[in-house]
Amino acid sequence: MRYYEIALLNTPNTFTYRSKNRYKKGDVVVVPLKNREVQGVVLKEVEKPEFECKDIISKIYEFDEKYMKIIEFISFYYFSSIGEAAGLFYLPPKLPKKEAFQSVKTQIVLTPKQQEAYDFLEKNEVSILFGDTGSGKTEIYIKLIEKTINENKEALFLLPEIAITSQMEKRLKKHFGENVAIWHSKVTKKTKEKILNELAEGKIKVVAGARSALFLPYNDLGLIIVDEEHDDSYKSESTPKYNAKDLAVLFGKTLNAKVVLGSATPLVSDLYKFPHFRLKGTYFNTTKKRYFTEHFDGFILSKIEEKLKQKKQTIIFVPTRAHFKYMICKNCGEAVKCKYCDVAMSIHKDKLALKCHYCNFTSPIPNVCPSCGSEEFLNERKGTSEIVEELKELFPDAVIEKFDRDIVTSKSRIDKLLKRFANKEIDILVGTQMLAKGHDYPDVALSIVLDIDFLLNSADYKARERAFALARQVEGRAGRKEDGEVIIQTLNPEFFDRSYEEFYKEEIEFRKDLGYPPFVRMCKVEFSDKKLEIAKENMMRFVNCIGEKEELMGYGEAPIFKLQNRYRFQVLFKGKNLHKIIYPCIDLKVAKADMDPVSFI
DNA sequence: AGCACGCCGACT
DNA sequence: GTCGGCGTGCTC
């Protein structure tokens, strides 16, 4: 009888099972666990243990050496178990019966500049397509996909979840027909099974999908495109907290696939690390005028009025959803906070409620301050709903709609709203970050960015690049096909009124001086418990083990101290070899590590 | 996933 | 006291 250490998929622990058969590392087997059957990856053969072992039921798949290398990297780099890393991958169905190879031919003819970009991306293993909104990146992607298919390889087109909209699907299907599959979290189980089958059969050659599409069982992946590569939603916020954009580079290297990162505003760190091709201006050679203003004032309103008169459309970006971010007592200055989270609750007038944007706890709007009993409140910072209401009063004849997480709850609702906008049934669209993302937004005459200083001033080393990129992305929505105008509400016009290259030059110096990525890595280690003392003790044990190291930036209460009824403490690191420092001290039962964090709350 | 265990509030 | 709700931890 042989004994094997097996990492159960999606669990932190390994278990020992026995069998008469010989298995090797990477074999995926079915094993009994309590009264059900689960899957696990064989790690190695071990000595007969003290305890009783159950028998391995069957072998269903094997990860080859390349994939095991990737799984081990994910496990090591993101401080997760092999089972959690392997659990990310989708397994193929059993009967792979390959269809005959068919070549494709698209009708696309690249412009000389696009061809130059194509040639550049062709000759580099990993590179960035740094192209302005509307500069014609998609045609280049399609040509790269065409070439990949004709080499009888598969192409993966990654997009942020929110950007997976019908338009990109339509464009890809127009060129590659039934060879295209769309993959994201909202695709039904049945459709997912169908895609897995067709992928195994060799019928599907192009997958356009969200970050999880990276883990599909490709036969021979030849190309990975990461569009909107700057987008934070490539980072998973559940264990393992991987970044699909960074992993795409690893997959490319390990599986011998070309990697293209595309964006109008590439991350400073990526622009530093990888070669890029600059695709400037818009395809239609339009011009864009940029204005700055300190307040949401008459200038903005007169511009909106002007566009309404010309029957042209406006989009307004607001960093806050709901009505106002906070309800603050005029007397004692306390914000009304969520009872489960240390977070001020947001006002939702339509539901006559306060809502916590972190745990969704809802409570009625109080008449008196819960802290001091005073009856007078101040409302802090305007949100999407408040702006919509104010504009409706000012422009009663205009059609004004809201576009944020409260409205956009499903893909069909996004599609419907954007279709109406495209048909010019909506004059003004007011929205949050979502407005800046994706491809499906039609051309508008005026883009307005409100209150961006709120983003710029948030306490996080990425705040500057996020604010700059967001302003540029919202700007990009105007003037793609016709000349457009942009208004940015800020007290820092000089920060925004420059090219991305100028911003990059300053930012990279800033990061170098202060020692931030890409010159170092960062890691956040979190300790949380419903009992404050336990969370704190766990953190202190860890901090004491680390000792005095220059990589240890600080530790203490998390910026949101209480979340979903749990107290949170965190330890922050930056440095060149964080794994070497953290691994000897971390107890993964009580600590959650977040490598290359995008959120510091 | 499902089941046992234990902590804490409501009450025969 | 005890009953039971539910959050937490364990399953080789």
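Naming: A, B, ... by sequence-line order, numbering from 1 per chain. Atom set for the values below is all heavy atoms of this structure, side chains included, hydrogens, waters and symmetry mates excluded.
When heavy atoms are screened at a 4.0 angstrom cut-off, Glu52(A) is found touching the sugar-phosphate backbone but no base atom.
Separating the CZ atom of Arg36(A) from the C1' atom of dC10(C) is a distance of 10 Å, rounded to the nearest angstrom. Atom-to-atom, CG of Asp529(A) to P of dG9(C) comes out at 8 Å; the value is rounded to the nearest Å. In this entry the distance linking CZ of Phe51(A) with P of dT11(C) reads 9 Å, nearest Å. Leu8(A) places its CG atom 16 Å from the P atom of dG2(B), with the value rounded to the nearest Å. Between the NZ atom of Lys34(A) and the C1' atom of dG9(C) there is a distance of 10 Å, rounded to whole Å. Rounded to whole Å, atom C1' of dC6(C) lies 13 Å from atom CG of Asn565(A). In this structure, Asp587(A) places its CG atom 12 Å from P of dG9(C), rounding to the nearest Å. Between the C1' atom of dC12(C) and the CD1 atom of Ile57(A) lies a distance of 12 Å, rounded to the nearest Å.
Using a 30° and 60° split on the angle between ring planes, Tyr77(A) and Phe73(A) fall in the parallel class, below 30°. Note on ring orientation: taking the six-membered ring where Trp is involved, the planes of Phe251(A) and Phe89(A) are parallel (angle under 30°, cut-offs 30° and 60°).
No salt bridge links Lys205(A) with Glu154(A); every basic N to acidic carboxylate O contact stays at or beyond 4.0 Å.
If you check the gamma sulfurs of Cys545(A) and Cys585(A), they are less than 2.5 Å from each other.
Out of dG2(B), dT11(C), dG7(C), the shortest distance to the side chain of Asn35(A) is found at dG2(B).
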